[in-house]
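Written below as structure tokens is the structure these notes are about.
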Amino acid sequence: MHRHQVRVYYEDTDAGGIVYYANYLKFMERARTEWLRCLGFEQDTLMEQSVAFVVKRVEMHNYAPARFNELLSIDSQVVELKGASMTFKQTIKNKQETILVTAEVLVACVNLDSMKPRRLPRTLLGEISRVI
């Protein structure tokens with residue numbers, strides 16, 4: 001499991017100082033990018049190789065609000081790995097470890113030029129297999 005922290009900025013909130021629901025998706029995207037980086041893979045380098053990732057499906061459950069200036073933790077774990085896709089379970093918690101949001105995110109690997117599915121690069125697939 002990988003943990004990434006984000007601070008809630010004013011721009012992330014609605015008029016009531018509560019995180020706007022769509023911003024949780026942005027926080028989770030950042031966490032997946034940082035997870036890749038921790039594995040030694042940079043998205044810009046992958047893009048140069050015509051490898052990109054697209055979100056195919058998201059199922060998100062909101063349990064409690066996050067508020068302005070809170071420090072949040074996003075836990076990301078691959079729960080299913082296939083040749084051209086991976087499913088993440090992601091959980092957003094506050095500093096008290098209260099679960100605020102959970103999501104299951106299906107991410108597909110695509111050829112950036114054609115936007116058609118492609119297998120995960122062998123080196124990336126190997127590294128993910130090693131850590132899950």
Side-chain angles (χ1 to χ4, degrees):
M1 181 174 326
H2 177 262
R3 179 168 275 196
H4 175 68
Q5 292 188 313
V6 296
R7 175 77 60 187
V8 175
Y9 294 113
Y10 184 76
E11 67 192 31
D12 299 319
T13 64
D14 61 17
I18 294 172
V19 172
Y20 182 67
Y21 78 94
N23 288 330
Y24 293 118
L25 296 171
K26 292 179 183 182
F27 298 159
M28 288 184 275
E29 179 73 34
R30 290 179 204 161
R32 291 191 306 275
T33 297
E34 292 302 325
W35 170 81
L36 270 176
R37 184 170 283 132
C38 284
L39 292 179
F41 297 89
E42 295 289 342
Q43 294 229 31
D44 55 350
T45 304
L46 291 169
M47 288 170 52
E48 290 169 1
Q49 301 166 17
S50 196
V51 175
F53 298 98
V54 296
V55 172
K56 185 171 181 180
R57 185 186 75 239
V58 173
E59 184 175 327
M60 185 169 82
H61 298 272
N62 298 298
Y63 299 102
R67 299 180 189 281
F68 171 66
N69 209 30
E70 279 190 298
L71 184 62
L72 306 178
S73 296
I74 299 99
D75 293 333
S76 303
Q77 181 178 12
V78 174
V79 294
E80 184 176 41
L81 179 62
K82 294 186 176 179
S85 69
M86 53 192 146
T87 301
F88 287 86
K89 179 181 178 188
Q90 292 187 274
T91 305
I92 299 178
K93 300 175 184 176
N94 62 16
K95 69 180 178 180
Q96 292 81 23
E97 292 290 310
T98 302
I99 295 174
L100 308 178
V101 178
T102 61
E104 188 172 285
V105 183
L106 175 61
V107 177
C109 185
V110 297
N111 178 299
L112 193 56
D113 299 322
S114 67
M115 294 307 290
K116 295 201 183 283
R118 62 155 289 166
R119 293 190 62 76
L120 289 155
R122 187 182 336 258
T123 54
L124 178 57
L125 188 60
E127 192 60 27
I128 296 169
S129 296
R130 186 184 68 75
V131 299
I132 61 170

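Positions are given from 1, in the same order as the sequence printed here.
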Would you sort out whether Glu70 and Arg7 count as a salt bridge (charged side-chain N to carboxylate O under 4.0 Å, His left out), showing the intermediate values? CA-CA 6 Å; Glu70 279 190 298; Arg7 175 77 60 187; over 6 Å; no
Between Val58 and Met28, is there shared hydrophobic-cluster membership here, with clusters defined by ILVMFWY side-chain heavy atoms closer than 4.5 Å? yes
Which atoms form the tightest heavy-atom contact between Arg32 and Val105, and what is the distance? NH1-CG1, 3.8 Å
So do Phe27 and Asp12 actually touch side chain to side chain, heavy atoms under 4.5 Å? yes
Without hydrogens or angle criteria, can the side chains of Thr91 and Asp75 be said to hold a donor-acceptor pair below 3.5 Å? no
Please determine whether the number of non-hydrogen atoms from other residues, nucleotides or ligands lying under 6.0 Å from atom OH of Tyr63 exceeds 12. yes
Is atom NZ of Lys89 surrounded by more than 12 heavy atoms (other residues, nucleotides or ligands) closer than 6.0 Å? no
Taking all heavy atoms of Thr13 and all of Tyr10, pick out the closest pair and write down the distance. OG1-O, 2.7 Å
Report yes or no: do Val55 and Tyr24 belong to one cluster of Ile/Leu/Val/Met/Phe/Trp/Tyr joined by side chain heavy-atom distances under 4.5 Å? yes
CD/Gln90 to NE2/His2 distance, rounded to the nearest 0.5 angstrom? 10.5 Å
Could you give the distance from CG (Leu71) to CD (Gln5), rounded to the nearest 0.5 Å? 4.5 Å
Gap separating the CE atom of Met60 from the CD1 atom of Ile92, nearest 0.5 angstrom: 8.0 Å
OG1-CZ distance between Thr33 and Arg30, expressed to the nearest 0.5 angstrom: 9.5 Å
Decide whether Val51 and Leu81 are clustered together by the hydrophobic rule: side chain heavy atoms of Ile, Leu, Val, Met, Phe, Trp, Tyr closer than 4.5 Å, transitively. yes
Under 4.5 Å between side-chain heavy atoms, hopping through other hydrophobics if needed: is there a path connecting Leu106 to Phe53? no
What heavy-atom pair brings Val19 and Val8 nearest, and what distance separates the two atoms? CG2-CG1, 3.5 Å
Locate the shortest heavy-atom distance separating Met115 from Val54; write the atom from each residue and the value. CE-CG1, 3.9 Å
Without placing hydrogens or testing angles, list every side-chain donor-acceptor pair under 3.5 Å for residues 119-132, not counting sequence neighbours.
| from | atom 1 | to | atom 2 | distance (Å) |
| --- | --- | --- | --- | --- |
| Glu127 | OE2 | Arg130 | NE | 2.9 |
| Glu127 | OE2 | Arg130 | NH2 | 2.5 |
| Ser129 | OG | Leu125 | O | 2.9 |

For the atom pair CG (Asp14) and CZ (Phe68), what is the distance rounded to the nearest 0.5 Å? 13.0 Å
How far does CE of Met47 sit from CD of Glu42, to the nearest 0.5 angstrom? 12.0 Å
Considering non-hydrogen atoms only, spot the tightest contact between Phe88 and Ser76 and give its length. CD2-CB, 4.4 Å
Is it true that Leu39 and Met1 fall in one hydrophobic cluster, defined by side-chain heavy atoms closer than 4.5 Å? no
